[in-house]
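I have placed the structure first, in the form of structure tokens, so that the comments after it can refer back to it.
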Amino acid sequence: MKQITQAAELQQAVAEARQQNLEIGLVPTMGALHEGHLSLIERALKENDVVVVSLFVNPIQFNNKEDLEKYPRTIEADLDLIGHLETRLRGEAKATQLLAFTPTVEEMYPQGEPTEVYHFGPVEEVMEGPRRPGHFSGVAVVVRRLFDLAQPHRAYFGEKDYQQIAVIRALLEQIKYPIELVPCPIVRADDGLALSSRNMRLSPAARAIAPAINATLEQAAEMAEYEDVDDVKEWVLDTLASFHEVNPALCPDALKFEPEYFEIVDARTLQPVESWEAAGDLGAVGCIAVWLDGVRLIDIVKF
Ligand code: PAF
């Protein structure tokens with residue numbers, strides 16, 4: 001693995017790779033890597049000749065200053081994890097070059113804070129979009145910049161941020177870059193909790209009950225066989241909101257789940273569906289955001 005901090009150096013490495021007709025995979029991250037990120041990097045290493053992993057906490061996608069300040073920055077540990085993965089995959093990976101791109105904010109945005117704004121219509125008008133104004137535009141700005149610098153053939157994103165994938169798909173349609181978007185399945189802890197850099201902010205007691213989110217969603221998927229969309233939605237929200245009443249020993253009032261939303265949407269358009277039959281070619285997906293212990297957790301279930 002080679003660490004690169006300068007945009008020009010990345011561009012040069014990529015230009016050389018392109019000249020040799022090598023295929024490039026990009027894994028954009030904000031660092032604080034966990035097994036979920038490593039699964040994306042592993043897949044990219046198996047499918048490309050050159051892999052660029054970016055580690056950059058993008059300030060313009062945070063609409064909450066405190067969230068930006070609290071975002072874990074663990075660059076040395078991240079580089080170690082990437083290095084170990086590379087060693088573990090020796091002989092199995094297709095890639096012969098692994099570049100870890102770790103720019104500063106000034107390097108990413110040399111002209112100062114970008115002023116460009118992206119709009120994606122209906123896919124950003126639901127769930128996370130209205131709750132985090134400017135977030136998806138900020139994601140699009142940095143992802144486009146990364147596309148420009150890394151010139152990838154494929155870009156890898158985790159399905160935990162399901163709406164982000166729909167937004168990147170819409171971005172690619174807008175800018176018409178011939179990049180294959182590769183959505184990758186959520187990686188979960190043994191107890192089912194979706195891996196997230198936010199999990200490290202949970203107290204041990206909150207971490208112990210957090211798997212109830214996935215357990216509830218899994219039960220919802222079973223209920224979908226015989227219940228209609230509205231009933232499943234209501235059941236998920238009620239089950240989590242009343243978890244502390246039903247399980248007082250496990251979950252004192254101070255630790256109650258506070259669901260922000262649970263929407264059952266068309267997996268492609270992200271528009272709410274009123275019946276299971278109304279979902280299009282990709283089916284329906286349930287997307288949830290829940291507060292627990294002052295931490296906002298998100299997860300999904302495919303129906
Ligand atoms: O998903 C993330 O970690 C970020 O939104 C991304 C795609 C790396 C852009 O900063």
Side-chain angles (χ1 to χ4, degrees), residues 4 7 10 25-41 43-44 51-64 67-75 77-79 81-82 99-105 107-109 113-114 116-118 120 123-124 127-129 131-150 152 154-172 174-175 177 179-187 194-201 270 287 289 295-300:
I4 292 183
L10 176 61
L26 171 68
V27 185
T29 81
M30 296 206 296
L33 301 185
H34 50 65
E35 289 296 327
H37 299 108
L38 295 180
S39 74
L40 308 184
I41 302 171
R43 182 151 173 202
V51 171
V52 179
V53 180
S54 62
L55 302 110
F56 175 66
V57 181
N58 176 33
I60 63 166
Q61 73 185 71
F62 287 82
N63 50 322
N64 177 331
D67 237 15
L68 172 61
E69 277 158 15
K70 276 197 195 158
Y71 200 87
R73 287 154 172 92
T74 55
I75 194 87
D78 291 343
L79 294 175
L81 284 172
I82 300 174
L99 308 174
F101 180 48
T102 59
T104 59
V105 174
E107 189 65 22
M108 251 344 236
Y109 301 127
E113 188 166 318
E116 67 213 90
V117 176
Y118 287 89
F120 299 107
V123 288
E124 67 166 351
M127 301 186 289
E128 297 295 308
R131 291 174 171 89
R132 303 173 72 185
H135 167 69
F136 286 126
S137 181
V139 168
V141 169
V142 79
V143 168
R144 182 178 188 167
R145 175 113 179 98
L146 290 167
F147 285 167
D148 286 337
L149 294 174
R154 299 183 188 86
Y156 296 78
F157 292 89
E159 281 188 333
K160 188 169 76 65
D161 294 301
Y162 203 82
Q163 195 170 357
Q164 173 168 274
I165 291 182
V167 163
I168 304 293
R169 190 177 287 124
L171 172 71
L172 283 169
Q174 265 180 41
I175 62 181
Y177 286 7
I179 296 172
E180 184 191 341
L181 173 65
V182 188
C184 301
I186 293 184
V187 176
L195 295 190
S196 162
S197 49
R198 287 171 182 236
N199 296 353
M200 62 174 92
R201 285 162 47 189
L270 299 190
C287 302
V295 182
R296 188 173 186 271
L297 301 172
I298 59 171
D299 203 344
I300 65 152

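We count ligands from 1, going down the list as the structure has it; atoms in each ligand are counted the same way.
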message = Testing the 3.5 Å rule here: is there a donor-acceptor pair between the side chains of Y177 and R144?
response = yes

Show me the short polar-atom pairs for ligand 1: any N or O of it lying under 3.5 Å from a protein N or O, with distances only.
unit_1	atom_1	unit_2	atom_2	d
ligand 1	1 (O)	Q164	NE2	2.8
ligand 1	5 (O)	Q61	NE2	2.9
ligand 1	5 (O)	Q164	OE1	2.7
ligand 1	10 (O)	Q61	OE1	2.6

query = Between the side chains of D299 and Y162, is a donor N or O closer than 3.5 angstrom to an acceptor N or O?
reply = no

request  = Apply ring-ring contact (aromatic ring centres under 6.0 Å, His included) to H135 and list each qualifying residue two or more places apart in sequence or on a separate chain.
outcome  = none

ask   = Are T104 and F56 side-chain neighbours, meaning at least one heavy-atom pair lies under 4.5 Å?
value = no

query = So, R296 and E128, do they make that salt bridge, N to O below 4.0 Å?
reply = yes

ask   = Between D78 and R73, does at least one N-O distance fall below 4.0 Å, as a salt bridge requires?
value = no

